[in-house]
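Here the structure comes first, spelled out in structure tokens, and everything after it is commentary.
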Amino acid sequence: MLTLKIHHIGYLVKKIEPAIRTFKTLGYEISQDVVRDDIRLADICFLEKDGYRIELISPFSEASVVYGLLKKYKNCPYHICYETSDFHTDCEALRAQGFLPIDAPTPAPALAGREVVFMTHAALGMIELIRTD
Ligand code: NI
């Protein structure tokens, strides 16, 4: 039985500072300041409004895993991240449901090093799974 809780919506942006300013005009507040993620080659921060958490991701290198996505989709939301207290079991359960991991689980520097993995499903596209603290 999966016990997933929505943790955040990942939002690609070309430039993170103007994006933060603009989200603030909509009433969002920063909950995690910008962190440079040297694994994903992207600047990442978290904003919150009305109980919703948004992750801004802005690649700083063309070698970033999300650079191609940004070129294709421009500024846009592109994944929903789910939190799980049983990371390994839920990974396996999702695999059995047709979700394929894109890569091996890696720590997320912008989330206190918590382990994350991205998976795709033919019917849904990409999701992210994060281990609970
Ligand atoms: Ni994310």
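Both counts, for ligands and for their atoms, begin at 1 and track the order of listing. The model shown is predicted, which means the values in this text are computed figures rather than measured ones. Just the heavy atoms: all of them, side chains too, but no hydrogens, waters or symmetry mates, feed the values below.
Using a cut-off of 2.8 Å, one finds that H7 contributes no N/O/S atom close to the Ni ion (ligand 1). Within the 2.8 Å limit, C81 places no N, O or S atom next to the Ni ion (ligand 1).
If you look at E128 and ask which of its N, O or S atoms sits nearest the Ni ion (ligand 1), the answer is OE1. For E55, the N, O or S atom with the smallest separation from the Ni ion (ligand 1) is OE1. The Ni ion (ligand 1) lies closest to atom NE2 when only the N/O/S atoms of H8 are considered.
With values rounded to the nearest 0.5 angstrom, R114 atom CZ is found 6.0 Å from T132 atom OG1. In this structure, CD1 on I127 lies 6.5 Å from CE on M119, to the nearest 0.5 angstrom.
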Task: Verdict with reasoning, D37 to I57, per side-chain contact (heavy atoms from CB on, under 4.5 Å) - done: CA-CA 10 Å; D37 184 330; I57 305 113; over 6 Å; no
TODO: Let me see the working for D43 and V35 under side-chain contact (heavy atoms from CB on, under 4.5 Å), right down to the final yes or no.
DONE: CA-CA 6 Å; D43 290 322; V35 170; over 6 Å; no
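Heavy-atom contacts from other residues, nucleotides or ligands closer than 6.0 Å to NE2 of H88 number 12 or fewer.
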